[in-house]
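To keep things clear, I will list the structure first and then write my remarks on it.
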Amino acid sequence: MLKGCEKMLEIVLNNVNKSYGNKQIIKKVNFEIKTNEKVALIGPNGCGKTTILRLINREENPTSGDVFIRKDAKVEMLTQYPREYLNEIIVKDIIYDSFKEILEIENKLKDIEQKMIKETGDKLNKLINKYSTLQEKFINIGGYEIDSKIDKLVAAFKVENLLSKKYKTLSGGEKTIINLIAILLRDPDILLLDEPTNHLDIDMLEWLEKYLSNCNKTIIIVSHDRYFLDKVVKKTILIDNGEEEIFNGNYSYFLKENEERVMREFNEYKNQQKQIEEMKKAIKRLKEYGKLAYPCGEKFFRRAASIEKRLEKIDVLDKPKKEDRINLTFNFDQRGSNKIVELNNYNMSIGDKELFNKVNLLISYQERICIMGKNGTGKSTFIKHLINRDENIKIGPQIKIGYIPQEIVFEDENISVIEEARKYFSGYEEHLRSALVKFLFYSEGIFTRLNKLSGGERLRLKLFCLMQQDNNLLVLDEPTNHIDINTKEVLEEALNNYKGTIIVISHDRYFINKIASRILMVDNKKLKSYIGNYDDYKREIERNKKE
């Protein structure tokens, strides 16, 4: 398969199947990825995207089929989960370990330098020759560039303050960033990235987008960040029901093409069903004519039999499957005040650290506010002060707040989905079960204990509970972090149809573009206001730079 095009093809999956026990995850997946192609793997949660990355990374073997990687290609993979075996290691050592071969040569050079001080004559000459050979190799593999490479990435990801810490003391997001830095420094030919944008702020995201777009590497990305995918990838592979479909463009191109494909398949199915129905009617009609024309009706029966044979040979198309989508509709009872939130010379601190200094702000009815800013600038702290009704924050009369935090924890994690839902639902048990189905909690799933739920399931249940209440202000802290693209799209639609006011913290630029009417950027302990969505904000920033 690779003969004649070995230089062009980096990765080939040929009729790849993967099962765990009786559960088949992917079936007969086929695709090719060429040198320096940047590819997105997309699809619903659990469809096998991460499994494909593991197969390419040789962490797992296919149940059947073949996975080919270009000979001598260096593969590195960023996983969603921290590498716990690094726990006791200092962060700086993890980063420098990416240059293990270079550091070994450097140590040998230092050792030879010490020996040369003590030797003379032939022994010294031999040491000089050995030193010269090693030094040339050291230069050729970038030995003198280590510090500049490390400094560049450490600065880009703003982790200077983490270098002296133990890996185990870092947050999940910090661990992901350190792992990403270490992988980029190892300079692989093939880079596999599983949710690389989680926990990155906007500056980090934009730096990573630019780096990945410009680097000469073959890259496969699994991500729910649609804006990121639009910026970086040139090919999109949809994995659905275990099978692949390839689109030669970014995420937005996929959306357009996929919509046209679904419409085309539906029309083909509809036209075929119409044709089949017409043929069945013709058969029935001809047989009736044959009976009426008896004993001379044989020709009608022959024509009916001929159509029946044609009907049997038709390859009947499957009806295009309709995606399971959550039906989100927020209850809305009364609008409350026209002034929703007001700050006058508002100050906010955590311990000795001042986060906001004399901030002034007015949020009005039906505004859709997105709060953005670097990590650690006080966004989530402000949200918590708001929902706890800090006495220094003016909240309009009759304002009812619905809140979804970044990390969703239920009051009693040992009860089931249906028990939690019942606290908020007014109606019969069968109506409650039907309502939960709309949120993709089926049959036995409604009895799952809350402590067993995934991040996406937690959000869906929290949304269900929120929608049973009459809130006129929704406050959402990074609501798209743990949900797949389909659920994001449904959430966006529901928020756009919501008649109340929305305040959301998000780094999801695609999501922000869909729902925001104003950006509040936390900068230098102030809230700077920009009318419009993320793209509007970026245009204004660019205009200000030119001026």
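All values reported here derive from a predicted model rather than from experimental measurement.
Side-chain polar atoms of E419 and S416 form a donor-acceptor pair below 3.5 angstrom. For the residue pair N17 / T63, no side-chain donor-acceptor distance below 3.5 Å is found, with atom types taken as modelled. Looking only at atom types and distance, the side chain of Y510 has no donor-acceptor partner in the side chain of E489 under 3.5 Å away. Using a 3.5 Å distance cut-off with no hydrogens or angles, the side chains of D225 and Y251 do not pair a donor with an acceptor. Side-chain N/O atoms of D508 and Y534 include no donor and acceptor closer than 3.5 Å. Using modelled atom types and a 3.5 Å distance limit, the side chains of E10 and T35 yield a donor-acceptor pair. For the residue pair N414/N451, the side-chain donor-acceptor check at 3.5 Å is satisfied. A donor and an acceptor atom, one from each side chain of E136 and T133, are nowhere located under 3.5 Å apart. Side-chain contact annotation: R264 with N267, donor-acceptor N/O pair under 3.5 Å absent. D477 and S380 are linked by a side-chain donor-acceptor pair at a separation below 3.5 angstrom, with hydrogens and angles left out of the test. Under the 3.5 Å distance criterion, with hydrogens and angles disregarded, no donor-acceptor pair is assigned to the side chains of E243 and N241.
Taken from CG in L436 to CD in E420, the straight-line distance is 11.0 Å, to the nearest 0.5 Å. Separating the CD atom in E209 from the CG atom in D230 is a distance of 9.5 Å, to the nearest 0.5 Å. With rounding to the nearest 0.5 angstrom, the CD1 atom of I139 is 10.0 Å from the CD atom of E145.
Geometric assessment of R509 against the ring of F228 yields a negative cation-pi assignment under the 6.0 Å and 45° thresholds. Because its NZ or CZ atom is both nearer than 6.0 Å to the ring centre of Y167 and within 45° of the ring axis, K175 counts as a cation-pi partner of that residue.
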